[in-house]
Amino acid sequence: PAYLFKPWHSCPPWHRGDRNMEKPGHREGATMHVKKYLLKCLHRLQKGPGYTYKELLVWYCDNTNTHGPKRIICEGPKKKAMWFLITLLFAALVCWQWGIFINTYLSWEVSVSLSIGFKAMDFPAVTICNASPFKYSKVKHLLKDLDELMEAVLERILAPEPSHANATRALNLTIWNHTPLVLIDERNPHHPVVLDLFADNHNDSARICNAPGCKMAMRLCSLNGTECIFQNFTSATQAVTEWYILQATSIFAQVPTQELVQMGYPAERLILSCLFGAEPCSYRNFTSIFYPHYGNCYIFNWGMTEKALPSANPGTEFGLKLILDIGQEDYVPFLASTAGVRLLLHEQRSYPFIREEGIYAMSGTETSIGVLVDKLQRKGEPYSPCTVNGSDVPIRNFYSNYNTTYSIQACLRSCFQDHIIRNCSCGHYLYPLPPGEKYCNNWDFPDWARCYSDLQMSLDQRETCIGLCKESCNDTQYKLTISMADWPSEASEDWIFHVLSQERDQSTNITLSRKGIVKLNIYFQEFNYRTIEESPANNIVWLLSNLGGQFGFWMGGSVLCLIEFAEIIIDFVWITIIKLVAFAKSPRRRPAPARYAGPPPTVAELVEAHTNFGFQPDTANHSPSAEAYPDEQAMPIPGTPPPNYDSLRLQPLDVIESDSEGDAI
Amino acid sequence: MAPGEKIKAKIKKNLPVTGPQAPTIKELMRWYCLNTNTHGCRRIVVSRGRLRRLLWIVFTLTAVALIFWQCALLVFSFYTISVSIKVHFQKLDFPAVTICNINPYKYSAVRHLLADLEQETREALKSLYGFSEIKARRRREAESWSSAWDGTRPKFLRLVPLLVFDHEEKDKARDFVTGRKRKVSGSIIHKASKVMQVQESKQVVGFQLCANDTSSCATYTFSSGVNAIQEWYKLHYMNIMAQVPLEKKINMSYSAEELLVTCFFDGVSCDARNFTLFHHPMHGNCYTFNSGDNATILSTSMGGSEYGLQVILYINEEEYNPFLVSSTGAKVIIHQQDEYPFIEDVGTEIETAMATSMGMHLTESFKLSEPYSQCTEDGSDVPVRNIYKAAYSLQICLHSCFQEKMVEKCGCAQYSQPLPPAANYCNYQQHPNWMYCYYQLYQAFVQEELGCQSVCREACSFKEWTLTTSLAQWPSVVSEKWLLPVLTWDQSRQINKKLNKTDLAKLLIFYKDLNQRSIMENPANSIEMLLSNFGGQLGLWMSCSVVCVIEIIEVFFIDFFSIITRRQWQKAKEWWALRKAPPCPEAPPSPRGQDNPALNMDDDLPTFTSALRLPPALGAQVPGTPPPRYNTLRLERAFSTQLSDTQLPGEP
């Protein structure tokens, strides 16, 4: 009723002021709407709450599409309570289940699909190295001092009699004094005796002890030989091998790479014959790369300059066939004790980490390698922590000079090299060098051996690197099935060697031998690929359908119900605001009661007055079902109109309709 | 009207349960259909015309049927599995590596035990194949066996005679010791002939195993004398070794220092102390690297051969048993720390004078146990006692099962497997006919008659190291010259011998990269998924929810039955009243009155419509009631005006 709200129609002075302030805004059309809207809001605020919380709730329950609330209001008191609890329980369940689903979605799980079969694929890049990095004949002048020293050491170990001691020729002992091999006599555990192998006092060193208490060690010193540690070895073989490698590394590190390439095995000496499918190929099809540990390595089908060669058929006939000569007689004796070809199959444009992942092929045999390409394609962030091209890895890739793709091996090696450069101020010979740095050697960096050995043993360093490096998202592995047979057979040996010698050296003599010759067949297997591909296990559609399913299952709700609910909440807030405003204004009104005869009703009173009328029938003694059958209440007097009106107002029209329908049948 | 009301009041008073408001089932149904939240029912009631109504009934029923069908499908497909493959790049635990010499015991140490057997074997070889003397590559020191036959009665050949079968005479066999022909009774079992057709040679060699009473015998023949002699030798060998105590056997075998010349792991030297002894009945002393015995498991944080395990093994071919093993080298197996190394089953052989490089890739697999599959987590729910001191695996279960059966049936345990508690290994002295029993049992086991295969279940999770094995020549021709003397010097603490290339084998075991693949089975469905799928189905077909289901339960079970019971109760009361009535003369009118309302109660009851149709008795209304009613009516209007009012300010 309008009269009830009459006092609120006059705006308070501060409100008026607001309106005046806004007046200039009338000129612009854009501010018109805003102003209108604000005006509307103002009116509302002035008017006070049109309806109450309870009204709102009942209205909501009656008209919502969710299933529970409806029941709350149209049942008796006991059932009402029950339905209230059920609705609450279901709402809680829905929230809980939604939480689970959203959590599942945010865990970014992946599902994998696996496909196996044969298809025409790019033939893998094949890297071939000789197990010996250099030809001994060409590298002899560099290693002369070291070899003499090594021989003396061996002599010393094997023939401890002093008779040989005088054979200590004019040895270049500078290398030796830098990092000598020593013998630690621990037979008395409290007083270990350290014996230099070349010590002058023959009384002690002459008797090289070979008892369990003695062990060989390498003395690694830093700070001009003042601070030393001993790297222990349980066998002399290891000790001398490690010592030799360390010294040789230091020597080779000073030689420029071009010279080192010259000293290695040239392609035309290594690769005798090559056949890819039916097409002949030669050493010219191989890309040369200098790999410090194995010297010259040759990569077939690297795909750096030209397109990668595909192979469309399985089987030996369509693969790569190679005949190699490793020239075992010219191996560096102390550097390479294993003879054979090092071989690695890898992806195009990737750097061959042949020492880590390579396999051997033996001389005098034919090694057949069946290839299965095992690909793993990952989704990347946020599904799995991997990197597509390594640009987001906080480590400088030193292998980028080779124009190769990112791989975790490259990252780990770069990380290690980076640590060495930072700690020892020089780079290790086996890993690529960033511009402006130098390789470590004994002359320029006398402490490097100690520093390197410390770093190599340090687990912290490795773990930091593992923590920093990320895997590549596309991981390709080549699963190899290796089989071997003797080659050439005794019957064919003669002519094969003859032909190959003739071709390579243009000599009628046989320049090859069983000890140097290796045959390789690399081919695709019948099933040449196995691809594991990740796809998101839970996408947004999945999430929505499950959220909908849960809401529907427990409460029969939908998004519209949520909007309804939001609407109600907004209404609630609105009512609260209006009420608060009204409450705040009410004391101000009090001193100015001029226009009214009686005291104006308080907000609460007004609200009470409104609400009680409308919802009296909903109180406990008057259940809604009773309204449907009003005769119960209207027992004594037939046809009393009040209940009829009552039901008329509350009951929707269609009830009447359907009832008449039912009668019609 | 009065009697109806009375009855209702009575019902209300008497019934303990406050029943449904609808007085009849029809009324209840109507009420339900109109008020339910499901979509079909309402249409049925609301539709006009029979065809439409029928159609809606059909639709609703179809929807219900579809819901049931789809939900059943969902329930049945609940236990499905989805597989996920994950790759981690991380620090990996290095597996345990067990290395054995193929030859179990030093022949020089064990020879005194096997002297008789060797002599008889030679004799058999001589008479069967005319082989006179071993022309070994290296002559053994005490080579006095050629003059053997000292006239003593052969012990082993008598126990299990080697027989030569002539093809012509089917059931006759020649005992080659006595030269006598003897009749072969019992079944002749050709080894291998069951699997493939063996080209029949003229002579077939085999041996006969008999039960105690020698009445039932089984004869085993072999297509080749090599197999026959080896099997025959092995039988006796196991027999002899079963009587030797474990300590003695360990002493007769190789020591760790002897087997391992050098050892290098992750850039650090290691030695025999890093290996733990593991005695295998058929392979003698085996040594396990990184067995986790001292509670630390080594791990690798770098891939590549230099960071793995590098060992050089000493394989002394001179000490090989010529009849027991015919290949030279070592066997290696990579396994989990708590796993039993089944070295004779799944070991990889290593050749001498070679470097064997084994690149590993780790794959972990996890299966889901019950109810998804039949696998077992730790074997505790498998009714077979684990006689191995190792974690459960299918192989352990099968071997344990066989051994238990063996003890049960033959009374003694088979030599190549661990001893179950309170059992002894089989030997001739105590169990003269164990061989026959064993072979019978073995046959049954292979043919899955013992039930082991059905009892044993696979383990749910396992780690697998896939190996890429390649060989290279080692030592190289040029390094041989210095390497062998140094290795000889290293080994000189144990043996005083110049090492040869063929006495050594190099082994490299390393992680190729630190990628670990985990293949995991996950439940494809969870209970939440199932519920939400239910919800989707219910919502799709009928816009139904659990609330609806509760409604249905409420209406169709509780209300329905309460109406029925109410009526029954009423009838019973009626009947009771009737029984009591006869003595009363004024009874007749009242039963009729009571009878009627029960039957057509809805006619009597003033429903909403009937209430509306009531004659306008407005004039007879009670004063005092109207004001509140009017008030509410007015209030309603007030709301509408107010709403329009709110929009008003927009217009000026």
Side-chain angles (χ1 to χ4, degrees), chain A residues 1 36 39-40 43 50 67-68 97 100 111-112 154 157-158 210 232-238 328 331 333 337-340 355-357 359-360 362-363 376 408 456 462 466 471 480 482 515 532 546 549-550 552-556 613-614 625 628 630-631 639 641-642 644-645 658-660 662, chain B residues 21 30 34 37 82 84-85 87 89 262 264 267 269 271 301-304 355 357 468 470-479 482-483 485-487 489-490 492-493 512 528 531-536 539 543 545-547 606 608-609 611 614 617-618 621 625 629 631-632 635 638 642 649-650:
Chain A
K36 270 187 186 175
L39 212 64
K40 237 194 262 180
H43 270 262
H67 290 175
Q97 303 271 331
I100 291 176
S111 66
V112 290
L154 292 178
I157 294 170
L158 299 176
N210 195 11
N232 293 341
F233 295 96
T234 50
S235 81
T237 320
Q238 278 165 13
Q328 217 189 117
Y331 267 36
S337 60
T338 310
R355 197 177 173 207
E356 286 78 32
E357 293 167 6
I359 57 163
Y360 281 105
M362 205 166 64
S363 55
L376 182 73
I408 189 155
Q456 205 189 15
R462 289 190 204 170
I466 288 179
E471 301 144 81
L480 311 178
I482 304 167
K515 283 185 175 151
I532 298 168
N546 277 312
Q550 283 292 339
F553 182 67
W554 294 112
M555 300 185 75
F613 304 136
S625 43
D631 50 316
N644 287 350
Y645 282 128
S658 60
D659 268 12
S660 59
Chain B
Q21 306 300 328
R30 167 176 290 282
L34 282 173
N37 284 312
S82 74
S84 69
I85 299 175
V87 176
F89 191 92
T262 71
F264 209 57
S269 256
D271 61 9
S301 47
M302 204 76 160
S357 100
T468 311
S470 59
L471 295 180
Q473 201 188 329
W474 178 90
S476 65
V477 179
V478 283
S479 64
W482 69 270
L483 201 58
V486 182
L487 286 169
W489 184 80
D490 272 334
S492 62
R493 294 170 198 175
K512 274 186 125 175
E528 298 97 60
L531 290 184
S532 81
N533 283 332
F534 276 178
S543 169
S545 67
V546 174
V547 174
F608 184 69
T609 38
L614 275 171
L618 277 165
Q621 63 184 221
T625 32
R629 301 296 163 215
N631 205 357
T632 51
L635 192 73
Q642 182 205 351

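From a predicted model like this one, the values you see are computed outputs, not experimental measurements. Just so we're on the same page: letters track the sequence lines, and every chain starts at 1.
Legend: residues meeting salt bridge (Lys or Arg N to Asp or Glu O under 4.0 Å) with E357(A), ordered by chain and number and at least two apart, are absent. W554(A) is linked by a ring pair (Phe, Tyr, Trp, His ring centres under 6.0 Å) to F90(A), counting only residues two or more places apart in sequence or in another chain.
Considering all non-hydrogen atoms of both residues, S479(B) and P333(A) come closest at CB-O, 3.1 Å. Between S476(B) and T338(A) the shortest heavy-atom distance is CB-C, 4.3 Å.
The candidate from L480(A), L376(A), I408(A), I482(A) with the greatest count of non-hydrogen atom pairs under 4.5 Å with chain B is I408(A). Among G303(B), G267(B), S470(B), the residue making the largest number of heavy-atom pairs under 4.5 Å with chain A is S470(B). With respect to chain A, the highest number of heavy-atom pairs below 4.5 Å among S84(B), G304(B), A472(B) belongs to A472(B). With chain B as partner, the option from Q97(A), R355(A), M555(A) having the largest number of non-hydrogen pairs under 4.5 angstrom is R355(A). Most heavy-atom pairs under 4.5 Å with chain A: of the set T468(B), V486(B), L487(B), D271(B), this distinction falls to V486(B).
Separation of atoms OG (S363(A)) and CG (L471(B)) is listed at 11.0 Å; rounding is to 0.5 Å. Atom CZ of R462(A) is separated from atom CE of M302(B) by 6.5 Å, given to the nearest 0.5 angstrom. Taken from CH2 in W482(B) to CG in L154(A), the straight-line distance is 6.5 Å, to the nearest 0.5 Å. Of the inter-residue distances, the one linking T237(A) atom OG1 with F264(B) atom CZ reads 11.0 Å to the nearest 0.5 angstrom.
The backbone N or O of S269(B) lies less than 3.5 Å from no partner atom in the side chain of T234(A), so there is not a single donor-acceptor pair. Side chain of S532(B) to backbone of G549(A): no donor-acceptor contact under 3.5 angstrom is found. Q328(A) places a side-chain N or O within donor-acceptor distance of the main-chain N or O of V477(B), the cut-off being under 3.5 Å.
Using a 30° and 60° split on the angle between ring planes, F553(A) and F534(B) fall in the tilted class, from 30° to 60°.
Only the backbone of N232(A) comes within contact range of chain B, with heavy atoms under 4.5 Å apart. With a 4.5 Å cut-off on non-hydrogen atoms, S543(B) touches chain A through its backbone and its side chain both.
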